[in-house]
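Take a look at the structure below.
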Amino acid sequence: MQLKEPKLNRDQSKALASTKFLNLYDLAYENGVHYYDASRRKPDTLFAYMDKDKLGKELPDAATAFVIVKEQGQADKLLLFYEYRYPTGSYMLGLPAGLIDPADLKKENPILDAMKREIKEETGLTVKDTDQMELLSHLVFTATGFSDESNALVKAVVHVDDLSELNHNGSEGTELFGNFKLVDQAEAKKLLKNGRDDYGHYLPLITWTALTYFVSDLWK
């Protein structure tokens with residue numbers, strides 16, 4: 001069955017607000033519908049305006065890593081940490097993530113290079129040539145009800161002698177980090193079952209996805 005898509009009227013669509021990291025658009029459709037779109041993108045790169053043949057080739061706004069830490073003599077663990085999220089007004093259990101910068105676009109693999117940088121900045125860990133890094137998904141949309149924000153998903157299996165190098169020294173701007181939380185499979189399953197972290201806060205969807213991926217052993 002062919003799905004009939006509403007037709008977007010670009011001439012009547014307009015930008016309502018623009019900041020360094022976020023823009024707000026009024027998308028006008030010919031059936032009279034107006035829909036707000038919170039986006040990291042400039043008007044010429046909005047997904048709503050994009051030809052379908054280009055959609056599959058577009059780079060995402062950002063990348064997020066599912067980091068599995070392998071420490072000698074210890075159970076494999078998924079690396080999580082607390083980060084203050086201003087829209088929710090609380091610290092939330094999250095993952096290494098960050099925008100793909102213009103400098104990344106000049107490199108051979110912008111997504112993996114951006115992710116290596118973000119892992120180093122937000123955790124202190126260096127992804128070595130002997131470690132495993134793999135692109136899981138070129139692009140996923142994270143909140144399609146109000147935004148075209150997009151992320152690549154990356155797996156990084158990092159070997160460490162110990163956890164002494166973990167730090168948040170690379171935090172920038174408004175980034176505010178809390179404690180690290182490394183979870184084995186049993187604790188990951190507990191978090192999934194409870195749906196909340198140790199402080200009673202609900203889990204972000206991307207964190208829930210990482211936990212599911214980890215306990216399913218798909219990363220192996």
Side-chain angles (χ1 to χ4, degrees), residues 1-66 85-89 92-102 104-115 118 134-155 192-193 195-196 201-219:
M1 176 181 175
Q2 184 69 30
L3 297 176
K4 187 177 181 181
E5 297 183 4
K7 190 172 181 180
L8 182 66
N9 189 326
R10 288 192 61 169
D11 292 335
Q12 294 184 15
S13 300
K14 58 186 178 181
L16 301 177
S18 180
T19 68
K20 182 178 179 180
F21 294 113
L22 189 65
N23 307 294
L24 181 63
Y25 297 94
D26 174 3
L27 302 180
Y29 286 83
E30 291 188 350
N31 59 359
V33 170
H34 284 257
Y35 207 96
Y36 292 124
D37 175 17
S39 178
R40 297 190 182 278
R41 294 172 170 260
K42 300 303 180 185
D44 58 337
T45 59
L46 281 180
F47 281 101
Y49 294 166
M50 202 172 292
D51 292 335
K52 296 298 182 288
D53 60 343
K54 186 181 178 184
L55 187 62
K57 304 170 186 175
E58 186 69 7
L59 278 174
D61 303 323
T64 299
F66 303 164
R85 291 304 189 181
Y86 295 86
T88 63
M92 306 201 78
L93 203 52
L95 305 157
L99 296 175
I100 296 175
D101 293 340
D104 299 319
L105 300 177
K106 300 175 183 178
K107 298 181 179 178
E108 183 177 352
N109 195 318
I111 293 173
L112 295 187
D113 280 307
M115 201 66 261
E118 291 293 341
E134 177 185 349
L135 182 64
L136 300 177
S137 178
H138 180 80
L139 188 150
V140 296
F141 292 109
T142 51
T144 53
F146 74 95
S147 176
D148 68 354
E149 182 191 42
S150 58
N151 265 266
L153 301 181
V154 173
K155 174 187 73 174
L192 285 169
K193 183 177 180 180
R196 301 190 186 203
H201 299 149
Y202 290 107
L203 301 176
L205 177 59
I206 199 75
T207 303
W208 199 93
T209 303
L211 289 164
T212 304
Y213 179 77
F214 178 58
V215 301
S216 69
D217 282 338
L218 283 172
W219 65 276

Can you name the closest pair of heavy atoms from Glu30 and Asn9 and give their distance? CG-CB, 4.1 Å

To the nearest 0.5 Å, how far apart are CG in Asp148 and OG1 in Thr45? 8.0 Å

Got a donor-acceptor contact below 3.5 angstrom from the Thr144 side chain to the Phe141 backbone? no

Show the nearest heavy-atom pair for residues Ser13 and Tyr49, with the distance to one decimal. CB-OH, 3.2 Å

Less than 4.5 Å apart, side chain to side chain, heavy atoms only: is that true for Ile206 and Asn151? no

Here's a test for you: under side-chain contact (heavy atoms from CB on, under 4.5 Å), which of Glu58, His138, Arg41 qualifies with Ser150? Arg41

Once rounded to the nearest 0.5 Å, what's the spacing between atom CG of Leu218 and atom OG1 of Thr212? 10.0 Å

Do Thr209 and Phe66 come within less than 4.5 Å of each other through their side chains, counting heavy atoms only? yes

Between the CD atom in Glu149 and the OG1 atom in Thr142, the distance rounded to the nearest 0.5 Å is 3.5 Å

Shortest non-hydrogen contact from Gly98 to Ala62? O-CB, 3.1 Å

Any luck finding a side-chain donor-acceptor pair between Ser18 and Asn23 under 3.5 Å? yes

Rounded to the nearest 0.5 Å, what separates atom CG in Leu192 from atom CG in Leu211? 4.5 Å

Minimum heavy-atom distance between Pro96 and Met115, given as atom pair plus value: O-CE, 3.5 Å

Of Leu112, Thr64, Leu95, the residue whose pairing with Val154 passes side-chain contact (heavy atoms from CB on, under 4.5 Å): Leu112

Exceeds 12 heavy-atom contacts within 6.0 angstrom, atom OH of Tyr202: no

Under 3.5 Å donor-acceptor, Tyr25 side chain and Tyr35 backbone: no

Rounded to the nearest 0.5 Å, what's the gap from CZ on Arg10 to NZ on Lys7? Could you check? 12.5 Å

Under the side-chain contact (heavy atoms from CB on, under 4.5 Å) rule, what do Tyr213 and Leu153 come out as? Steps first, then yes or no, please. CA-CA 11 Å; Tyr213 179 77; Leu153 301 181; over 6 Å; no

Should Leu59 and Pro110 count as side-chain neighbours, where that means a heavy-atom distance under 4.5 Å? yes

With a 4.5 Å limit on heavy-atom distance, are the side chains of Leu27 and Leu8 in contact? yes

Can you tell me if CH2 on Trp219 sees more than 12 non-hydrogen neighbours from other groups inside 6.0 Å? yes

Looking at Ile100 and Ala114, what are the two nearest heavy atoms and their distance? CG1-CB, 4.2 Å

Is the shortest side-chain heavy-atom distance between Phe146 and Tyr36 below 4.5 Å? no

Euclidean distance, Arg40 CZ relative to Thr19 OG1, rounded to 0.5 Å: 9.0 Å

Asp104 side-chain N/O to Asp101 backbone N/O, donor-acceptor pair under 3.5 Å: yes

